[in-house]
Every structure is written in C-alpha cells, then in structure tokens.
**Student:** 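Right, I'll just put the structure down here and ask away after.
The chain is numbered in sequence order, starting from 1.
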Amino acid sequence: MLAFRVQILLSTYNGEQYIDEQILSLIRQEGVSVQILIRDDGSTDNTLGKLEHLKKLYPQQIVIFKGENRGVVQSFFDLMLMSSNEFDVYAFCDQDDVWNKDKLITAVSSLNKIADNVPLMYCSATQMVDQRLSPMKKWPVAPQRPVSHYNALIENVCVGCTMVFNKTTMELVKKNIPLNIKNVIMHDWWIYLCVSSFGRVVFDPQPSILYRQHHNNVLGGAADGWRSKWSKRWNRFINGKNHYILSKQAKEFAQTFQQRLDDQKQQEISEFLSFQSKNIIKRAIYIFRAPFYRQSVIDNLIYKFVFIIGRL
C-alpha cells in the first residue's frame, strides 16, 4: 500500500538558527511520504544557504522558492496557491519547531475516520519548549466548547503549525482567495474559519510538536503567565492595534463565501456586522443573544465588552 502523500507548506524568514532541526524532523516523519514546499519571505541571514544545503541532501523532498518580503499571512497564501493537487493532505509548518515523528500519520489517521467529501482539518495541542527543547507546558488546552463556525468567527483555537487538512479544504481555499488579504488576521485562523463553516475540525489534545519559544516568536497567551498575557492584551487594545480586526475579517469572509454560506450563517454574520454600528444599548442587547462565543468564560465576557463599546 502506498504511503499517504503530504505536502508541507513552510514559510521562512531569517530562521537560520533552528531551520536544520525543523527540516530534519519533517524528513523523518513515519508512515507518510512528504514533500516540503518552502517559500522564503526575503530572508537577510543565512536561511537560504542552509535550505540549499538541505535540498542537496534531500533533492526529492525539498522545493524552494525565493520571494520578496510580503509578511507571514501573504507568504502562506502564496504557498497555498503554489501547492500541487497531487497530494492527499497538506500541512502548515513554522521554521523553528520540532515535529514528533508520528505527527503526520496521527493526523492522517484521524482524518481518515471521517468521510472525505467535505473540508477536514486536524489540529492539536503543542508541547511548549525553550530554546534547548526543555519542556515548559502544554498549550493550548483542549477546547471546552465545540470547535465550530460560531467560535471561529471571533477566536482561533487552532495552532497553525499543527494543522493538517485534506485536498477538499485546499481546493476550497484556492478557489476562494480573499480579495483583500490584509483583512485576514492570520492564515491559520482563516483555515479554521473555512473548515468549521463548511466541514469538520478535529482537535487532538495530545501534543504533536515541540513548540519552541524564543525571543523572536514568543506569543502573548502562549508562553506568558496570566498577568503578562492580560497586560499585553490591554496595551494592544489601548494602542488601538486590535480595533476592528474581527469585524474586518468577518466581513471579508462573508464577501468571499457569499455564494456558499447557507442563509442562516449569512444572516448571523450580517447581524454581527450591522449591530456594531447601532447604539450602545442595542449592541448590549444583541451581543448577549448572539450565537458566537469564545472558549473561556473570561475571554467570552471580554469579547462581549469590546463589542458593546464598539471596538470589535
């Protein structure tokens, strides 16, 4: 029996420090056949030199494109557009982690238990580690509420570098590229929103990768403690960095998939967007009957508060 063919989409940018370890963990995946499609986003260090060396060692498994600096979201959309339809499943990858050797076969096995005629996506928890791969904590915790369209419109609980999705998902995204990608918060959030709206998402609470934390990639909410996480969120909110990003992405999604969304979802998103221009009393009444939710009680209350004050 032929192994499942997986195309791994990897965007690199000044990642020379850890790229060897990451690539080797992809090459060593068990039970599947992998091709690593790499787009370098205009690195100025020795990332490309290391990639070219690895390509000489594994010429059948590594494909490299040298691109200009367009940012992580656009770079991953470019990778999706460059992807081949010859593969069974696809996976996103960061440049500085280490994958468990059974990551892909575990994901493929999970997806194969579901009918393959709809968009499917697997994602998992991660084992967070420091620069030397010493264990820190598992993140994120398993969602307590369904991973659904009603969650995905306002929250992403799926870590991009754990995502594995089927050909139907890839075809859906490639045929419906958003007109303004700047309105997409992150490529992985967009995939979660797409699959949860038209197919099924599988969340595995068991970590599939070692998720390296270092000064270039530490995310608020992942490595931070409670106090630090909320301090960073508050500062971003006060500085206006997160104002309206959810509504912009929701509007982009509705416009992109207006021909595919059922009447109920179209009406719900329309109300979500239109009520943000109402007065504060109408916003408050609406948001406590709206179907959209975040996973944690605190996050859910904060989302409602931000909606009421008109900054979502």
Side-chain angles (χ1 to χ4, degrees), residues 7-19 22-23 26 36-51 63-83 90-97 121 123 126 152-163 165 169-170 172-195 209 211-223 232-233 235-237 239-253 255-257:
Q7 189 171 49
I8 300 170
L9 310 183
L10 168 59
S11 177
T12 58
Y13 178 71
N14 290 351
E16 63 176 353
Q17 187 171 2
Y18 304 114
I19 194 65
Q22 173 71 93
I23 294 291
L26 308 183
I36 309 165
L37 179 64
I38 304 170
R39 181 189 180 277
D40 185 75
D41 195 37
S43 290
T44 56
D45 65 357
N46 192 39
T47 298
L48 276 169
K50 288 199 167 188
L51 290 175
V63 178
I64 303 171
F65 288 91
K66 303 174 186 177
E68 61 182 18
N69 184 251
R70 306 186 69 184
V72 62
V73 178
Q74 183 65 65
S75 188
F76 270 102
F77 270 97
D78 288 349
L79 279 164
M80 286 187 279
L81 288 172
M82 290 188 288
S83 66
Y90 303 83
F92 287 146
C93 181
D94 287 350
Q95 64 185 7
D96 42 20
D97 304 320
M121 185 190 78
C123 60
T126 73
L153 194 81
I154 60 169
E155 180 183 30
N156 182 23
V157 297
C158 301
V159 182
C161 51
T162 71
M163 285 183 172
F165 46 95
T169 297
M170 181 63 85
L172 173 70
V173 175
K174 290 172 75 169
K175 291 178 181 177
N176 298 277
I177 297 295
L179 185 63
N180 189 351
I181 290 178
K182 291 182 179 180
N183 288 332
V184 176
I185 299 171
M186 283 297 286
H187 60 285
D188 53 357
W189 195 332
W190 187 260
I191 300 297
Y192 176 36
L193 185 50
C194 290
V195 178
I209 70 169
Y211 189 38
R212 196 190 310 258
Q213 302 296 290
H214 53 86
H215 68 281
N216 288 329
N217 82 330
V218 174
L219 303 175
K232 289 180 179 179
R233 285 189 177 185
N235 288 335
R236 287 197 299 269
F237 177 75
N239 293 329
K241 291 184 177 180
N242 288 351
H243 290 179
Y244 312 114
I245 59 173
L246 290 175
S247 56
K248 287 180 180 178
Q249 180 169 263
K251 184 177 181 180
E252 191 72 35
F253 179 77
Q255 291 175 341
T256 302
F257 291 102

**Student:** What's the separation between atom CD1 in Ile8 and atom CD1 in Ile36, rounded to the nearest 0.5 Å?
**Tutor:**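 If we round to the nearest 0.5 Å, Ile8:CD1 and Ile36:CD1 are 5.0 Å apart.
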**Student:** Which residues pass the side chain to side chain donor-acceptor pair (under 3.5 Å) test with Thr47, sequence neighbours left out?
**Tutor:**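 Side chain to side chain donor-acceptor pair (under 3.5 Å) check on Thr47 returns Asp45.
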**Student:** Which residues pass the ring pair (Phe, Tyr, Trp, His ring centres under 6.0 Å) test with Tyr18, sequence neighbours left out?
**Tutor:**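 If we apply the ring pair (Phe, Tyr, Trp, His ring centres under 6.0 Å) test to Tyr18, skipping adjacent residues, the hits are His214.
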**Student:** If you count the non-hydrogen atoms of other residues, nucleotides and ligands that lie under 6.0 Å from CG in Leu81, is the total more than 12?
**Tutor:**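 Enclosed: over 12 neighbouring heavy atoms sit under 6.0 Å from CG of Leu81.
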**Student:** Could I get the full list of side chain to side chain donor-acceptor pair (under 3.5 Å) partners for Lys182, not counting sequence neighbours?
**Tutor:**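 Counting only residues at least two positions away or on another chain, Lys182 forms no side chain to side chain donor-acceptor pair (under 3.5 Å).
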**Student:** What are the two closest heavy atoms between Asn14 and Ser43, and how far apart are they?
**Tutor:**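 Answer, listing the atom of Asn14 first, then Ser43: N-OG, 2.7 Å.
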**Student:** Which residues pass the side chain to side chain contact (heavy atoms under 4.5 Å, CB included) test with Lys50, sequence neighbours left out?
**Tutor:**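 Testing Lys50 for side chain to side chain contact (heavy atoms under 4.5 Å, CB included), a comparison that skips the adjacent residues, returns Glu16, Ile19, Asp20, Asn46.
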**Student:** Could I get the full list of side chain to side chain donor-acceptor pair (under 3.5 Å) partners for Asp94, not counting sequence neighbours?
**Tutor:**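 Asp94 satisfies side chain to side chain donor-acceptor pair (under 3.5 Å) with no residue once adjacent residues are dropped.
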**Student:** In the structure I gave you, are the side-chain heavy atoms of Thr162 and Ile209 within less than 4.5 Å of one another anywhere?
**Tutor:**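 Result yes, sub-4.5 Å side-chain heavy-atom pair found.
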**Student:** Is a side-chain N or O of Asp97 found less than 3.5 angstrom from the main chain of Arg212, in a donor-acceptor match?
**Tutor:**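 At least one qualifying donor-acceptor pair exists.
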**Student:** Using salt bridge (charged side-chain N to carboxylate O under 4.0 Å, His left out) as the criterion, list what pairs up with Lys174, not counting sequence neighbours.
**Tutor:**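 Checked Lys174 against salt bridge (charged side-chain N to carboxylate O under 4.0 Å, His left out); zero matches.
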**Student:** Find the distance between CG (Asn183) and CD (Glu252) and round it off to the nearest 0.5 Å.
**Tutor:**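 CD of Glu252 is found 4.5 Å from CG of Asn183.
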**Student:** Dump the intermediate steps for side chain to side chain contact (heavy atoms under 4.5 Å, CB included) on Met170 and Leu9, then the final yes or no.
**Tutor:** CA-CA 12 Å; Met170 181 63 85; Leu9 310 183; 3.8 Å; yes
**Student:** Return the CG to CG distance between Leu153 and Leu246, rounded to the nearest 0.5 Å.
**Tutor:**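 These two atoms lie 7.5 Å from each other.
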**Student:** Would a distance-only check, ignoring hydrogens and angles, find a side-chain to backbone donor-acceptor pair under 3.5 Å from Asn156 to Tyr192?
**Tutor:**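 Judged by distance alone, no pair lies under 3.5 Å.
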**Student:** Kindly write out the residues that satisfy side chain to side chain donor-acceptor pair (under 3.5 Å) with Gln22, not counting sequence neighbours, or none if the list is empty.
**Tutor:**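 Partners of Gln22 by the side chain to side chain donor-acceptor pair (under 3.5 Å) criterion, ordered by chain and then number, come out as Ser25.
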**Student:** Would you confirm whether Ser83, through its side chain, and Met80, through its main-chain N or O, come within 3.5 Å as a donor-acceptor pair?
**Tutor:**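 Present.
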**Student:** Are Tyr13 and Asn69 packed together at the side-chain level, in the sense that at least one heavy-atom pair is separated by less than 4.5 angstrom?
**Tutor:**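 When only atoms from C-beta onward are counted, Asn69 and Tyr13 do touch, with a gap below 4.5 Å.
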**Student:** In the structure I gave you, are the side-chain heavy atoms of Phe257 and Cys194 within less than 4.5 Å of one another anywhere?
**Tutor:**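 Answer yes - side chains close enough.
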**Student:** Nearest 0.5 Å please: distance from the OG atom of Ser75 over to the CG atom of Leu10.
**Tutor:**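 One finds 9.0 Å between OG of Ser75 and CG of Leu10.
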**Student:** Could you tell me which residues satisfy salt bridge (charged side-chain N to carboxylate O under 4.0 Å, His left out) with Arg39, sequence neighbours excluded, listed by chain and number?
**Tutor:**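 Listed in chain order: Asp41, Asp78.
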**Student:** Measure the CD1-OG distance between Ile38 and Ser11 for me, rounded to the nearest 0.5 Å.
**Tutor:**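 Going from the CD1 atom of Ile38 to the OG atom of Ser11 covers 10.0 Å.
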**Student:** Answer whether the closest heavy-atom distance between the side chains of Leu79 and Leu37 falls below 4.5 Å.
**Tutor:**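 In contact.
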**Student:** Are the side chains of Cys123 and Phe165 in touch, meaning some heavy atoms are under 4.5 Å apart?
**Tutor:**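 When only atoms from C-beta onward are counted, Phe165 and Cys123 do not touch, as no gap falls below 4.5 Å.
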**Student:** Only pairs under 3.5 Å count here: list side-chain donor-acceptor contacts from residues 184-191, not counting sequence neighbours, and write none if there are none.
**Tutor:**
| from | atom 1 | to | atom 2 | distance (Å) |
| --- | --- | --- | --- | --- |
| Asp188 | OD2 | Gly160 | N | 3.1 |
| Trp189 | NE1 | Ala152 | O | 2.7 |

